[in-house]
Amino acid sequence: MPELPEVETIRLQLKKYLIGHRMSDVELRYSKKFEGNSKNIIGGKVTEVKRFGKALVIDLDNHYSMVIHIKLTGQLIYRGPNLKNPNTLSEKVKDGLEGKHTHIIFHLDKSGKLYFNDVRKFGWIKIVKSEELKVKSDFLRKLGPEPLIDEDNPPENILTKEKFTAVVRSTTIPIKVLLMDQRKMAGIGNIYANDALWLAKIDPRRKSSSLKTKEIDNLFQAIGCVLKKGIEKGGASELSFVTPDGSEGEYQNHTLAYDKEGEICTRCNKGKFKKIKLSGRGTYFCPVCQK
DNA sequence: CACTTGACCTGTCCGC
DNA sequence: TGCGGACAGGTCAAGT
């Protein structure tokens with residue numbers, strides 16, 4: 001669910017809504033997954049919202065930043081003056097904006113609020129000095145290069161076709177498992193890994209090092225293609241993903257292979273999508289046209 | 001090092 | 001209807 005396209009969708013909205021707001025108070029209702037001193041961000045004004053893989057970074061003008069990872073079921077929802085349209089609220093926000101799954105409320109100036117909800121409590125938020133982001137966050141430090149050109153990362157941190165080729169040739173683990181390894185490349189999770197492999201006509205179980213140059217090229221293209229489509233559709237609201245304005249994404253209606261067990265493959269019209277487990281994760285593929 | 005499994009959580013769905 | 005169990009997917013720690 002929340003993979004690169006979902007987190008990017010959140011980032012784009014948070015940028016619109018949060019920049020310029022000043023943090024007036026942090027209400028910690030469940031603090032087990034909150035690290036750092038919340039007082040350090042009070043008074044700071046939001047200057048930028050960035051994304052690194054599946055993590056978000058909110059920069060404040062007082063030299064502190066918040067690193068946020070929403071994992072599977074985290075939600076960041078904004079209410080306040082920058083919301084132009086009527087305030088929609090998806091029913092995926094289980095108990096409403098201030099229900100039992102609301103763990104943190106960031107109170108902003110001008111009556112703004114940013115809610116952090118998370119049914120499964122896997123998501124985390126960490127406060128660090130902006131200049132120490134990469135030092136203090138293990139997650140950010142170990143993160144691999146970004147598969148899409150983006151403004152937050154310097155060119156040397158972009159996953160080029162050459163880098164991708166080198167990574168794929170470096171290991172024998174199944175190609176799907178490699179795609180989802182955040183240290184090798186950032187942002188790809190289960191949905192987009194399944195879809196990219198289908199698009200590139202590659203069997204997810206293949207040993208990475210067994211891919212031919214042409215297959216690697218196709219897969220590299222396919223990754224860019226599915227991630228961009230995910231962003232275009234506003235992410236996939238399969239489980240609990242909602243955007244900061246409280247609405248849902250559309251990609252779940254456009255998946256290529258993910259969650260299609262038993263359906264006939266739309267490309268070859270022969271294969272029936274199979275579901276297997278690969279490294280513990282649900283894996284979907286067409287046994288006829290994915291070689 | 002390579003690779004898999006379990007833990008972290010809770011809601012949902014399926015079968016009996 | 002109720003209950004137990006499997007399942008969902010992101011990441012890290014621990015195990016083989």
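Convention: sequence-line order gives letters A, B, ...; per-chain numbering from 1. Only this structure's heavy atoms are used, side chains among them; waters, hydrogens and symmetry mates stay out.
Close to B:dG11, at under 4.0 Å from its OP1 or OP2, lies no side-chain N or O of A:T73. Close to B:dT12, at under 4.0 Å from its OP1 or OP2, lies no side-chain N or O of A:K92. Phosphate proximity of C:dA8 to A:K277: present, with a side-chain N or O under 4.0 Å from OP1 or OP2.
Remark on DNA chain B: of its neighbouring residues A:K94 and A:Y30, the 5'-side contact belongs to A:Y30, judged by nearest-heavy-atom nucleotide. Where A:K142 and A:F122 each meet DNA chain C at their nearest nucleotide, the meeting point lying more 5' is that of A:F122. Ranked by how close their nearest DNA chain B nucleotide is to the 5' end, A:V177 and A:H101 are led by A:V177.
Using a 30° and 60° split on the angle between ring planes, A:Y258 and A:Y284 fall in the perpendicular class, above 60°.
As judged by a 4.0 angstrom heavy-atom cut-off over every strand, A:T171 is placed among residues touching the sugar-phosphate backbone only. Using a 4.0 Å heavy-atom distance criterion, A:K207 is classed as making no nucleic acid contact. Residue-level contact check: A:G189 touches the backbone only, with heavy atoms under 4.0 Å from sugar-phosphate atoms and none from bases.
Comparing the P positions of B:dT5 and C:dA6 gives an interatomic distance of 16 Å, to the nearest angstrom.
One can place CG of A:L239 at 16 Å from P of B:dT10, the figure rounded to the nearest angstrom. Atom CE in A:M180 sits about 12 Å away from atom C1' in C:dA8, given to the nearest Å. Rounded to whole Å, the distance from CD1 on A:I173 to C1' on B:dC1 is 12 Å. Taking atom NZ of residue A:K121 and atom P of nucleotide B:dA7, one finds them 19 Å apart after rounding to whole Å. Nucleotide B:dC3 holds its P atom 12 Å from the CG atom of A:L278, rounded to whole Å. Whole-Å rounding puts the A:K184 NZ to C:dG10 C1' distance at 16 Å. If you measure from atom NE2 of A:H69 to atom P of C:dC12, you get 8 Å, rounded to the nearest angstrom. The CG-P distance, from A:L140 to C:dG10, rounds to 17 Å in whole Å.
Remark: the backbone N or O of A:K161 is paired with a side-chain donor or acceptor of A:T165 at under 3.5 angstrom.
In this structure, A:Y251 has its ring center under 6.0 Å from that of A:Y192.
Using a 4.5 Å heavy-atom cutoff, the side chains of A:M66 and A:K126 are not in contact. Side-chain contact between A:K33 and A:H103 is absent, with no heavy atoms from C-beta onward closer than 4.5 Å. Side-chain contact between A:D245 and A:Q13: present, with at least one pair of heavy atoms (C-beta onward) separated by less than 4.5 Å.
Of the candidate nucleotides C:dG10, B:dG11, C:dC7, B:dG11 has the atom lying nearest to any side-chain atom of A:K100. With C:dG10, B:dG11, C:dC12 as the choices, the nucleotide that has an atom nearest any side-chain atom of A:F139 turns out to be C:dC12. With distances taken from any side-chain atom of A:Y284 to the nucleotides C:dA8, B:dA2, B:dT10, the minimum falls on C:dA8.
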